[in-house]
Amino acid sequence: MRKHDYSTELATHICNVLDAYKWHYEFDAEGGTFYFCFAVHSKLESANILLNVQRSQYVLYAILPLAVPTEDPRIMQRMCEFTVCANYGLSLGNFEMDVRDGELRYHTYVDCDGGQFPTDRVVRNSVNVAVQMLERYTDAILEILYGNSPRPVADIVRDCEHRAERRFSRQLLAHLSAMGDQVPEDLRQMIEEVCDELPQEDEDCEAEDDFDEDPED
């Protein structure tokens, strides 16, 4: 088998970053690919991360630990609708579904052209954004796969996005409250108004998310 042509210098740099964060991983030197499992703060619990090093970039996939049933045309159609609705407006990657085996994943990449290696923070954030997108849309994915819901897919996706926005606003308000008088009152009121305009969350969605993820051992 022909060895995958990739930048060994970039692979070494990423290896050093992952080691610095004490993330457990396996590395395929033939394919230039890192494999590790990451904890997900949602009902999915974990996601498989595949980071493939190329000549002037690396491509990252956060792969869901479940597959879309390809033998069910209704669910396949609704999951195709999900990828379109969820991807609209995303700027740091996109959802993809393999129609052959039902694999569902989130894809992003980092450009390293010109020999500029990404900082530790850029590498960490590229993993975090993919994992956070899985967390954000978990409820929508599970409702479509297992809920037998008659609701339009666009409504399901929109509800997930509203819940994520509300959680973020609450977290921001909590941080602002901790800052006390340093925060202008008009800014605080504006954020509170945004919270009030968003749909209420279900009781089991009230817990705040912690986006400082750690990989599983």
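All heavy atoms count here, side chains included; hydrogens, waters and symmetry mates do not. Start at 1 with the first residue, then count along the sequence.
- The two residues His24 and Phe36 make their nearest non-hydrogen contact at O-CB, 3.1 Å.
- Heavy atoms only, all atoms of each residue included: Ala62 and Leu134 are closest at CB-CD1, 3.9 Å.
- Checking side-chain atoms of Arg55 against main-chain N and O of Tyr6 turns up a donor-acceptor pair under 3.5 Å.
- Under the 6.0 Å cut-off for aromatic ring centres, Trp23 and Tyr21 qualify, their centroids lying closer than that.
- In this structure a side-chain-to-backbone donor-acceptor pair under 3.5 Å is missing from Thr83 to Phe95.
- One hydrophobic cluster, built from ILVMFWY side chains closer than 4.5 Å, holds both Leu145 and Leu64.
- Residue Ile156 holds its CD1 atom at 10.5 Å from CZ of Arg158, rounded to the nearest 0.5 Å.
- Rounding to the nearest 0.5 angstrom, the gap separating the OH atom in Tyr61 from the CZ atom in Arg105 is 4.5 Å.
- Looking at Ser42 and Tyr137, their side chains never come closer than 4.5 Å, going by heavy atoms from C-beta outward.
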Next item on the list: Go through Asn94 and Met133 one step at a time and tell me if the side-chain contact (heavy atoms from CB on, under 4.5 Å) criterion holds.
Entry: CA-CA 9 Å; Asn94 61 278; Met133 289 299 102; over 6 Å; no

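- The CG atom of Asn125 sits 9.5 Å away from atom CG of Leu92, with the distance rounded to the nearest 0.5 Å.
- With contacts defined as side-chain heavy-atom distances shorter than 4.5 Å, the pair Val157/Phe82 qualifies.
- Clustering ILVMFWY residues whenever any of their side-chain heavy atoms sit less than 4.5 angstrom apart, transitively, puts Val153 in the very cluster that holds Met79.
- Side-chain contact check for Val122 versus Phe117: every heavy-atom pair is 4.5 Å or farther apart.
- Among all heavy-atom pairs drawn from Ala130 and Leu60, the shortest one is CB-CD2, 3.7 Å.
- Put simply, OH on Tyr35 and CG on Leu51 are 10.5 Å apart, with the number rounded to the nearest 0.5 Å.
- Tyr88 and Leu104 fall into different hydrophobic clusters, where Ile, Leu, Val, Met, Phe, Trp and Tyr side chains are chained together by heavy-atom contacts under 4.5 Å.
- Contact check for Tyr58 versus Ser7: no side-chain heavy atoms found under the 4.5 Å cut-off.
- Within 6.0 Å of atom OH in Tyr109, 12 or fewer heavy atoms from other residues, nucleotides or ligands are found, so the atom counts as exposed in its surroundings.
- Between the CD1 atom of Ile14 and the CD atom of Glu9 there is a distance of 12.0 Å, given to the nearest 0.5 Å.
- At least one donor-acceptor pair closer than 3.5 Å links the side chain of His13 to the backbone N or O of Pro118.
- There is a path of hydrophobic side-chain contacts, each under 4.5 Å, that joins Ile49 to Val53.
- The main-chain N or O of Asp98 is never found under 3.5 Å from a side-chain atom of Glu103 such that the two would form a donor-acceptor pair.
- Contact record, Tyr25 with Cys15: OH-SG, 2.7 Å, taken as the closest heavy-atom pair.
- By the criterion of side-chain heavy atoms lying less than 4.5 angstrom apart, applied directly or through intervening Ile, Leu, Val, Met, Phe, Trp or Tyr residues, Val127 is not grouped with Val129; the two fall into different hydrophobic clusters.
- Summarising the geometry, atom CZ belonging to Arg124 is positioned 11.0 Å from atom CG belonging to Leu18; distances are rounded to the nearest 0.5 Å.
- Considering only heavy atoms from C-beta on, Leu10 stays 4.5 Å or farther from Gln57 through its side chain.
- Between Gln116 and Asp111, the closest side-chain pair of non-hydrogen atoms is not below 4.5 Å.
- Val110 places none of its side-chain heavy atoms less than 4.5 Å from the side chain of Val123.
- Taking both residues in full, the closest heavy atoms of Asn52 and Gly31 are given as ND2-O, 3.1 Å, listed atom of the first, atom of the second, then distance.
- In terms of heavy-atom proximity, Phe27 sits nearest to Ala11 at CZ-CB, 4.0 Å.
- When side chains are defined from C-beta on, Arg151 counts as touching Asp159, because their heavy atoms get closer than 4.5 Å.
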Next item on the list: Begin with the C-alpha distance, continue with both residues' side-chain angles, and end with the deciding distance and a verdict on side-chain contact (heavy atoms from CB on, under 4.5 Å) for Arg136 and Cys160.
Entry: CA-CA 7 Å; Arg136 183 180 189 181; Cys160 267; 5.6 Å; no

Just distance, no hydrogens or angles: give the donor-acceptor pairs under 3.5 Å from side chains in residues 65-72, sequence neighbours left out.
{"unit_1": "Asp72", "atom_1": "OD1", "unit_2": "Arg74", "atom_2": "N", "d": "3.1"}
{"unit_1": "Asp72", "atom_1": "OD1", "unit_2": "Ile75", "atom_2": "N", "d": "3.2"}

